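In what follows, a single structure is set out as structure tokens and then discussed.
Note that ligands are numbered from 1 as they come in the structure, with each ligand's atoms numbered from 1 the same way. Quantities reported herein were computed from a predicted structural model and do not represent experimental measurements. Values below: every heavy atom of this structure, side chains too, minus hydrogens, waters and symmetry copies.
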Amino acid sequence: MTVLFASDLDQTLIYSRNSMGMDVSEDELVEVERYEGKPLSYMTKKSQSALWKINESAFFLPVTTRTQAQYERVTGIFEGQAPRFAVISNGAVILENGQPIKEWSDGIRQQCVSRKTIITELLPEIERHFSEDWVLKVREADDWFVYLIVDRACFPEDKLDFYTETFKKLGWGMSLQGRKLYFMPESITKAGAMEYIKKRLEASYVIAAGDSLLDLDLLESADYSMLASHGEAVRSAVPVSGHVQKTEKHGIKAGEEILARVAEISLQRK
Ligand SMILES: [Mg+2]
């Protein structure tokens with residue numbers, strides 16, 4: 001029986017200095033990503049060895065909103081060879097042995113075009129609704145989706161539900177993670193890409209993990225899921241199904257908890 005472990009990376013398995021929490025000591029940490037010569041993301045040593053061991057009982061599939069270049073910087077999540085598949089750009093792109101599967105992305109592109117959820121349609125709406133005061137930067141992710149770098153101190157949190165509704169009507173999902181406010185076309189989902197890999201591998205059981213609103217479709221479509229309690233999804237109080245378990249711990253220790261649970265379940269299911 002093939003067990004698939006489909007997991008988000010940032011703030012689920014790997015953590016920045018800002019997101020890791022206080023209950024971890026320096027000598028527990030291991031760097032897993034370096035950017036412009038500086039360490040950027042970490043795991044605990046315990047998490048890293050648990051993740052490296054997962055492939056004895058499950059097939060590890062990274063499922064991230066990172067672009068290909070951003071994903072390729074995260075070298076500490078595997079021991080020898082990189083995972084055979086990786087879902088990047090939130091599901092718009094699937095890498096197989098490091099190369100994007102063209103037919104997959106072409107299909108997603110067609111859906112985005114026919115639903116008019118393309119960046120050129122979105123940008124005027126962003127300009128119309130959002131104040132220059134708190135939008136620090138507008139970034140486009142490989143022509144698939146947009147994220148704003150926002151000043152959280154000035155960001156009107158009380159209007160978030162209104163914005164979410166407004167953009168949902170236009171076919172865009174919103175997600176606020178730290179300083180990043182994402183606008184994701186409804187056709188680009190982590191669950192859709194995971195289902196494709198599940199078929200390719202003929203996997204019969206899927207364990208998923210995540211923390212943000214962009215992870216919820218993945219968590220819902222898996223057989224068993226772990227949702228990190230510190231994340232946007234728990235804070236937003238969106239209801240989740242019974243097979244989605246919230247972690248007891250927060251921050252980088254939630255990552256340890258997730259991996260321990262995944263090891264336990266995948267061994268049972270093997
Ligand atoms: Mg995340």
Notebook entry, point to check: With a cut-off of under 6.0 Å to the ring centre and 45° to the axis, is Arg73 in cation-pi contact with Tyr35?
Noted result: yes
Checklist line | Contact flag Asp215/the Mg ion (ligand 1), N/O/S atoms, threshold under 2.8 Å | finding: no
Check: Among the N, O or S atoms that Asp10 has, which is closest to the Mg ion (ligand 1)?
Finding: O
Next item on the list: Would you please say whether a donor-acceptor pair under 3.5 Å links the side chains of Arg269 and Tyr224?
Entry: no
Item checked: For the Mg ion (ligand 1): the N/O/S atom of Asp8 at shortest distance -> OD2
Next item on the list: Could you tell me whether the side chain of Glu79 and the main chain of Trp52 form a donor-acceptor pair under 3.5 Å?
Entry: no
Checklist line | For the Mg ion (ligand 1), the closest N/O/S atom belonging to Asp211 | finding: OD1
Margin query: Under 3.5 Å, is there a donor on one side chain and an acceptor on the other for Thr12 and Asp211?
Written below: yes
